[in-house]
Number of protein chains: 2
Amino acid sequence: MQSLPDNSEVIVARGQAKPGFMRAESTEAISPAENIKFSPTLDNSCKAKDFSSVYSKDLLPHPDGEKVTGSFLQELVSILLAYVGKTFDRSSKVLDFHHPHQLKEGLEGFSLELSDQPENLEQLLVDCRDTLKYGVKTGHPRFFNQLSSGLDVIGLAGEWLTAAANTNMFTFEISPVFILMEEIVLRKMQEKVGWVEGEGDGIFCPGGSISNLYSVLLARYIRFPEVKTRGMADLPKLVLFTSEHSHYSIKKAAAVLGIGTANVFVVKCDERGKMIPDQLESSIMRAKTAGCVPFYVNATAGTTVYGAFDPLLDVADVCAKHNLWMHVDAAWGGGLLMSKRHRGKLRGIERASSVTWNPHKMMGAPLQCAVLLVRKKGLLQECNQLKAEYLFQPDKQYDVSYDTGDKSIQCGRHVDVFKLWLMWKAKGSEGYGAQINRCLENAEYLFNSLCTRADFELVCKSKPEHSNVCFWYIPPSLAGMPPGLERDRRLHQVAPEIKAKMMEEGMVMISYQPLREKVNFFRCIFSNPVTRKEDVDFLLDEIARLGHGL
Amino acid sequence: MQSLPDNSEVIVARGQAKPGFMRAESTEAISPAENIKFSPTLDNSCKAKDFSSVYSKDLLPHPDGEKVTGSFLQELVSILLAYVGKTFDRSSKVLDFHHPHQLKEGLEGFSLELSDQPENLEQLLVDCRDTLKYGVKTGHPRFFNQLSSGLDVIGLAGEWLTAAANTNMFTFEISPVFILMEEIVLRKMQEKVGWVEGEGDGIFCPGGSISNLYSVLLARYIRFPEVKTRGMADLPKLVLFTSEHSHYSIKKAAAVLGIGTANVFVVKCDERGKMIPDQLESSIMRAKTAGCVPFYVNATAGTTVYGAFDPLLDVADVCAKHNLWMHVDAAWGGGLLMSKRHRGKLRGIERASSVTWNPHKMMGAPLQCAVLLVRKKGLLQECNQLKAEYLFQPDKQYDVSYDTGDKSIQCGRHVDVFKLWLMWKAKGSEGYGAQINRCLENAEYLFNSLCTRADFELVCKSKPEHSNVCFWYIPPSLAGMPPGLERDRRLHQVAPEIKAKMMEEGMVMISYQPLREKVNFFRCIFSNPVTRKEDVDFLLDEIARLGHGL
């Protein structure tokens, strides 16, 4: 592994855990933000405390635990702040790659094993530092790898408060504020979708796959309510429709719900990855002829690889004609509804019966933050409720319609709303729109750059609709080669080889994949507002540098 | 609403947001822990900063955002630390109750609404403070309301780091450390269950209901693997078995999976809430006679209301005889495996095919932290994988068996392992055992107290196995009344009326429910190691005080 001099990191390793001063020193060497240190005013001391003889039992609620709890958490916060600073520092690595076996064997004493005896807090702080050191900075301006990226300080603050509040979304009784925030944020998102006052319901879910699962569940229930009690046994052969570029969670939902992946009809897309409405319609006709019962169509607003938007108005027409539930998987594309400039790309979403929208993707909320919106009020409750008496007592003193937990297929449910509520307050809807515009401007810049460079080739020739940009790097050895099997075979290996080197060096991260007949290509994602044009330039230069000799 | 003088709180409300000093002052009045304040050493100042002209755009990644980010987060941390201190302060309220409409209308200017324009950071800090003020302190020593309670400082630290790392469990590529921690923690939990080296798999899930859903999904798949592609259409009528005291998530799973709630056979329990093995067997025979195909039995280790343990060895024998998947829902009782003194209550769990175990319950990890353990290696993967090429590329440079995301029915998955890993390190297995013993000692103390008091009546006469204790309060007006409908009718109203007053006063929280023929009774839960005998005494005295005149 190449060692980069501009990113050398001194980490106090396990077994070498030393009093706070040395730990603080080793931190200072790394990044500017790390100069921020805290000291409890009660101590009147700027030196970090030594925790090598302090254990978790000495923290609050121990009667004398107040000061040490403060110092310990402030020491942790200084580690986290240093990490935040490093995350935004372009000279810092995105990751410090090690193979699984290397991490498992223990690196510089970083041991993942758990023992019978407690470890001291000094060791825990070292472990925290090491955990971050060997992780991936998903908020780094040069992390282009995933739809979720970024490190929003307000979102972070929201998560910290959520953790301190440590409660559960099932009843108003124990989550009064968060339950109301959920209602307000969902209402706001329904407005963005275009549903009018009086319609619209929803729920925060642990990720978009579960949101998509809910949508199929609801569509099945509204058509065949007896399925809840009697199951699929007496139902006709149900089938659903989704495009070949849609997310795999639709098929997973079909598997889980007992519908079966073979009963998911995969509809053809055009060369930009958009579902072809005529193909949808002929698929439906074919299914009906075969004696199947179509009940659900998933349209995607922002596909995973190309970022394509299905033609929602046309899909809505087909759904209306055949009386099918129209779901829009806008897990990735939903964020564009916040932007006046881009929201037109989702025209027709207001006709959907349900919408998946993940604020932890384009809206930069810390993971997990995902929403399912349902147009018909009360349906979630009706479909999922079992009225457990130990939780949803009808004889409480407050309005129990706020005990929304029975809408869920979960019981306990993490508070995912607060961070989004706080971020929305902090940015305002307009600030959110501007943030999203910035990401799409970066994508356009990359697209334009690729158009001018001979050593890259675009996968889609047309301007990207979302912030995904897909491309091949063509090394000099392939430059003059005619299209064909041999070129494909060699080009297929280029992206993985570049990626492997890229991971080892750790200065940038981008994903790749094949797609149907197309061999491995890079997919660049912009969802981090920190990224600038210089990062895009860096990415292309780095790919060319790493791949030039292939 | 009664206002308690010993808990008066001065909150700077929206629109009144004032520079930091006043904010800090209003905080200082409340609790000892609030004296802990931080000041950035760069500032050389102990005064809190004024954020009324600072906005989220001024924070990192803004080039000059480093100092203000540090000050803002440290101000937030001082609010959170104050909250932690107050949580453990017995003179502080558990909750400051307001009805939904009161909170929605805005209290002292606390507004939940979102606007187009950004709000300043001063306002956000006030909002954070108000969010906590109007919430419920689930870590308070007198919060007996839910199976999840407590506020573990190390767990909190773990969540804070997790939020800063902001990554996703699907691939080793972006979660190298957390993926390995998951493997190690799951392995440790499998050892506690009693599975030998070489068997055992698992996954962290967003709650126990989803874990239970997985178990039914796996049991169905292993028996009828074609269900994944072809659905339930061609399968015989599948039925499953669970006790009348088991958690409702088993029925929810049946509804979601397309099996149907009517195909869940509910097995009778004895008076302690334990499943009767003979009843299980006769249920199975009845189902077979009716042409149904039994495939799954859920045994509960720690029922929700009584805390009962099903006789796992007997259930295992029945499952073995009829070749059924044995699941143990130890969401609540699993924690007892950490205690040498109590783990015998789960004897037989080692024979389970799968186990649900929620560390966010008895092990005090911040919510969400829930696990499904599966005995057969590789089954999760086989059942759920769809091999999405954009995520699970086979041609990566590292051992891709560590890309465990395809085992999941989710795609993105929150990092729930780190806090548990850190807590386990901090306590050691032995410390964890001691913590759990303490909770059960509290339950025994409550049980003994109830035995000696004439104004209370136990629901189960026998010593509790877990930390649930269920009882009625008998007000003087009902003391001499003979058993019968009229007494039942009036007793049924006692718990809700006491609970309503209790919520308004806010000094303690306990749950109640009816159960089958038993009218509303209180259920006390001990999962918070902070709770002491004096809190138990307080609870009973408070119930008697509030209910005396009913």
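Chain letters run A, B, ... following the sequence lines, proteins first and then strands; every chain starts at 1. Since the model is a prediction, treat every value here as computed from it, not as a measurement.
With a 4.5 angstrom heavy-atom cutoff, B:Thr229 touches chain A via backbone and side-chain atoms both. No part of B:Leu235 comes within reach of chain A, as not one of its non-hydrogen atoms sits under 4.5 angstrom from that chain. For B:Leu238, no part lies near chain A; criterion is any non-hydrogen pair under 4.5 Å. Proximity to chain B (any heavy atom under 4.5 Å) is restricted, for A:Leu217, to the side chain, taken from C-beta onward. Residue contact with chain A, scored on non-hydrogen atoms closer than 4.5 Å, is absent for B:Ile179. If you measure heavy-atom distances from B:Glu183 to chain A, the contacts under 4.5 Å come from the side chain alone. With a 4.5 angstrom heavy-atom cutoff, B:Leu161 touches chain A via backbone and side-chain atoms both. Proximity to chain A (any heavy atom under 4.5 Å) is shown, for B:Leu422, by both the backbone and the side chain. Contact annotation for B:Tyr512: both backbone and side-chain heavy atoms come within less than 4.5 Å of a heavy atom of chain A. With a threshold of 4.5 angstrom between heavy atoms, A:Ser115 approaches chain B through N, CA, C or O but not through any side-chain atom. Both the backbone and the side chain of B:Leu114 come within less than 4.5 Å of a heavy atom in chain A. At a 4.5 Å heavy-atom cutoff, the contact between A:Leu121 and chain B is made by side-chain atoms alone. Looking at B:Ile409, both its backbone and its side chain come within 4.5 Å of chain A, counting heavy atoms on both sides. Using a 4.5 Å cut-off between heavy atoms, B:Phe172 contacts chain A through its side chain alone, with no backbone atom that close. Heavy-atom distances place the side chain of B:Leu76, and not its backbone, under 4.5 Å from chain A. Contact annotation for B:Ile259: only backbone heavy atoms (N, CA, C, O) come within less than 4.5 Å of a heavy atom of chain A.
The nearest pair of heavy atoms linking B:Ala164 to A:Tyr83 is O-CE2, 3.4 Å. B:Ser408 and A:Lys252 get closest at one heavy-atom pair: O-NZ, 2.6 Å. Contact between B:Pro176 and A:Leu103 at its shortest, heavy atoms only, is CB-CD1, 3.8 Å. When all heavy atoms of A:Ala157 and B:Leu73 are compared, the pair lying nearest together is CB-CD2, 4.1 Å.
The choice from B:Gly155, B:Ser56, B:Pro529 that makes the most heavy-atom pairs within less than 4.5 Å of chain A is B:Ser56. Taking chain B as the reference chain and counting heavy-atom pairs below 4.5 Å, the highest number among A:Ala500, A:Ala163, A:Pro206, A:Ala426 is found for A:Ala426. Counting heavy-atom pairs closer than 4.5 Å to chain B, the top residue among A:Arg523, A:Lys237, A:Met509, A:Lys57 is A:Met509. Taking chain A as the reference chain and counting heavy-atom pairs below 4.5 Å, the highest number among B:Val415, B:Leu515, B:Thr304 is found for B:Thr304. When each of B:Phe88, B:Phe72, B:Phe178 is checked for heavy-atom pairs under 4.5 Å with chain A, B:Phe88 comes out on top. Comparing A:Glu159, A:Lys228, A:Lys251 by heavy-atom pairs within less than 4.5 Å of chain B, the highest count is held by A:Lys228. The most heavy-atom pairs under 4.5 Å with chain A, out of B:Gln493, B:Met232, B:Met181, B:Glu226, come from B:Met232. The candidate from A:Val530, A:Asn384, A:Leu180, A:Leu156 with the greatest count of non-hydrogen atom pairs under 4.5 Å with chain B is A:Leu180. Note on A:Ile210, A:Asn263, A:Thr131: by heavy-atom pairs under 4.5 Å with chain B, the leading option is A:Thr131. Heavy-atom pairs under 4.5 Å with chain A were tallied for B:Gly431, B:Ala165, B:Ser249, B:Ser511; the largest tally goes to B:Ala165. Contact count versus chain B (heavy atoms, under 4.5 Å) is highest, among A:Val136, A:Thr261, A:Val227, for A:Thr261.
B:Gln513 and A:Gln393 share no side-chain donor-acceptor pair at under 3.5 Å. Under 3.5 Å, the side chains of B:Asn520 and A:Asp395 contain a donor-acceptor pair of N or O atoms. There is a side-chain donor-acceptor pair under 3.5 Å between A:His247 and B:Tyr390. Defined by atom type and a distance below 3.5 Å, a donor-acceptor pair is present between the side-chain atoms of A:Tyr402 and B:Lys104.
You'll find the side chain of A:Glu389 reaches within 4.5 Å of the side chain of B:Pro514, heavy atoms only. Within the 4.5 Å cutoff, no side-chain heavy atoms of A:Tyr55 are placed close to those of B:Lys427. Using a 4.5 Å heavy-atom cutoff, the side chains of A:His99 and B:Gln397 are in contact. A 4.5 Å side-chain heavy-atom check between B:Gln146 and A:Ile174 finds at least one atom pair inside the cut-off. Side-chain contact check for A:Asp152 versus B:Leu59: every heavy-atom pair is 4.5 Å or farther apart.
At least one donor-acceptor pair closer than 3.5 Å links the side chain of B:Arg220 to the backbone N or O of A:Val256. Put simply, the side chain of A:Asn166 never gets that close to the backbone of B:Thr138: no donor and acceptor are under 3.5 Å apart. For B:Trp424 (side chain) and A:Asp116 (main-chain N/O), no donor-acceptor pair under 3.5 Å exists by modelled atom type. The backbone N or O of A:Ser209 sits nowhere less than 3.5 Å from a side-chain atom of B:Gln410 that would complete a donor-acceptor pair.
A:Thr162 OG1 to B:Leu367 CG: the interatomic distance, rounded to the nearest 0.5 Å, is 11.5 Å. Distance check, rounded to the nearest 0.5 Å: CG of A:Asn145 to CG of B:Leu391 gives 9.5 Å. Distance check, rounded to the nearest 0.5 Å: CG of A:Leu213 to CG of B:Leu213 gives 8.0 Å. In this structure, the separation between CH2 on B:Trp421 and CG on A:Asp127 is 4.0 Å, given to the nearest 0.5 Å.
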Could you walk me through whether B:Glu113 and A:Lys188 pass salt bridge (Lys or Arg N to Asp or Glu O under 4.0 Å), step by step?
CA-CA 9 Å; B:Glu113 291 302 325; A:Lys188 201 83 184 169; over 6 Å; no
Trace of the side chain to side chain contact (heavy atoms under 4.5 Å, CB included) decision for A:Val77 with B:Gln74
CA-CA 8 Å; A:Val77 167; B:Gln74 95 196 9; 5.9 Å; no
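Ion pairing between a basic and an acidic side chain is recognised when a charged N comes within 4.0 Å of a carboxylate O; A:Glu173 and B:Lys499 show such pairing.
Ring geometry for B:Trp160 versus A:Trp160: interplanar angle under 30°, hence parallel rather than tilted (30 to 60°).
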